[in-house]
Each structure stands twice: as structure tokens, then as C-alpha cells.
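As the structure is a prediction and not an experimental result, all values here were calculated from the model.
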Amino acid sequence: ADSVILPRLVGDNVEMQRRTTANHLLEYAKQGLRTLCFATSVLDPEIYEKWSHEYHEASIALDNRSQRVEAASESIETSFHLVGAAGIEDRLQDGVPDCVKALREAGICIWVLTGDKTETAIAVASQAAVLESNMEVIVLDQKTEADLMRKLIEITDTLTLSPKMSPVLRWVTQFLGIDPMS
């Protein structure tokens, strides 16, 4: 992910490379494209051998395997030189927009939960007819539970709540312990 690659770049004009690449990735994401960063690093054979042993030991560990594998990976994924970035089209399957519209007409609420960039998620959700032009997009991208709770309370405080509110909003208000009828 660019959030991993870009901070680990080294070399001449790194800040300019980061800014320029981040701008390109944002443009790709706004078009609904999957974004990729490519980077390289030349490893000394001795460093690689040491790391390879460390990684192997982590991968067969009985305790804390995933944390040890992640730590081993982190230790080698440094000092990158940027090769480039790309935006790749990931087409929807035929019939997705029609299916989404039918689900909505049946009263089924649809959420978009994704690890994609926000811009990619919004573009794909629009293509899939999950979002329509008259809908308000609410992005929940907080990093901590406390920040998420504050954002959810802020959202519910600004809405006019009624018995006919969406099941999603009704669930959120119940989760937060808010009486939607008060």
C-alpha cells in the first residue's frame, strides 16, 4: 500500500516523489481505480540470508506467529526507491447496479465497508448504484474507538430522527444508547 511504501522511500527528491505520487494515486482513486505503488530495494546477500532465517523462524513459530512474521517483514521493507504507481481498473460484475437497486427497493440497507481509499470506495459505490446523486456520503474513517464514537454521536445529533429512519441509522442510535424519539 502507498501508506507503507511512500514513508519508506529514500534517495534524491524524496519529498517531491511522495507528493507527486500521492497526487497521482488520489486521481486514480477518484476514478475508481485500485492503486498500487512499486518500489525496489537492493539487498546485500548476507542481510538477505539473515532475514530469510528470521522470517522462516517467525513463520513456523507456535506463539505470536502473525506478529513475528509482521515484525520480520517490517525489518526488511526499508530504504525503498520508487519505481512508479499505477491505477488498475477492477470492473464490477455484470448486473451489480441492477441488483443493488432491487435490494434497495426491497427495503434492504446497504453499507460500504472497505479497506480501499475513500475516493475509490465512493467512486465504486457510485458505479454500483450503492450511492445515488441525492444521497449524503458519511465517511467513518476514525482511527480509534473513542474518535469513532464521537463521530457517530455528532452524526446522530445533526439528523432528524423519526420512526421511519433507515434501519442502519436506527441500529447506530440504539448502539449509542440514543433514544431516536426523544
| query | Has the side chain of W51 got a donor or acceptor atom that lies under 3.5 Å from a matching backbone atom of A72? | reply | yes
| Listed by chain and number, what are the salt bridge (charged side-chain N to carboxylate O under 4.0 Å, His left out) partners of R150, not counting sequence neighbours? | D147
| said: Show the nearest heavy-atom pair for residues A39 and I5, with the distance to one decimal. | reply: CB-CG2, 3.8 Å
| message | How long is the straight-line distance from OG1 of T35 back to CD of E27, given to the nearest 0.5 Å? | response | 12.5 Å
| message | Test your reading of the model: is there a side-chain donor-acceptor pair from R68 to the backbone of S59, 3.5 Å cut-off? | response | no
| task | Write down the atom of Q31, the atom of A123, and the distance for their closest heavy-atom approach. | result | C-CB, 4.1 Å
| field | Nearest atoms (heavy-atom pairs only) where A129 meets V100 | value | O-CG1, 3.3 Å
| Over all atoms of both residues, closest heavy-atom pair of K151 and V139 | CE-O, 4.0 Å
| said: If hydrophobic clusters are built by linking Ile, Leu, Val, Met, Phe, Trp and Tyr wherever their side-chain heavy atoms come under 4.5 Å apart, do L25 and L33 end up in the same one? | reply: yes
| message | I'd like to know if the side chain of T21 and the backbone of Q17 have a donor-acceptor N/O pair within less than 3.5 Å. | response | yes
| request: Following the transitive rule for hydrophobic clusters with a side-chain heavy-atom cut-off under 4.5 Å over Ile, Leu, Val, Met, Phe, Trp and Tyr, establish whether L82 and V14 coincide in one cluster. | output: yes
| request: Provide the closest heavy-atom pair for A128 versus V96 in the form atom of the first, atom of the second, distance. | output: CB-CG1, 3.8 Å
| said: I'd like to know whether V124 forms a side chain to side chain contact (heavy atoms under 4.5 Å, CB included) with T120, so could you lay out the CA-CA distance, the side-chain angles of the two residues, the decisive distance to 0.1 Å, and finally the verdict. | reply: CA-CA 6 Å; V124 172; T120 303; 4.2 Å; yes
| Side-chain heavy-atom pair I122, T118 within 4.5 angstrom cut-off | yes
| task | Evaluate side chain to side chain contact (heavy atoms under 4.5 Å, CB included) for V69 paired with Y55, printing each intermediate quantity in order. | result | CA-CA 6 Å; V69 166; Y55 184 84; 3.6 Å; yes
| request: Tell me, yes or no, whether the heavy-atom count around D12 atom CG, taken from other residues, nucleotides or ligands under 6.0 Å, exceeds 12. | output: no
| message | Treating R8 as the side-chain partner and T78 as the backbone partner, does any N or O pair qualify as donor plus acceptor under 3.5 Å? | response | no
| field | Test item: S41 and L43 side chains (from C-beta on) under 4.5 Å apart, heavy atoms | value | yes
| request: Check whether L6 and M16 end up in the same hydrophobic cluster, where Ile, Leu, Val, Met, Phe, Trp and Tyr are linked by side-chain heavy atoms less than 4.5 Å apart. | output: no
| request: Can you tell me which residue pairs pass the side chain to side chain donor-acceptor pair (under 3.5 Å) test with a partner in residues 96-106, sequence neighbours excluded? | output: R104-E132
| Side chains of L9 and R18: closer than 4.5 Å at any heavy-atom pair? | yes
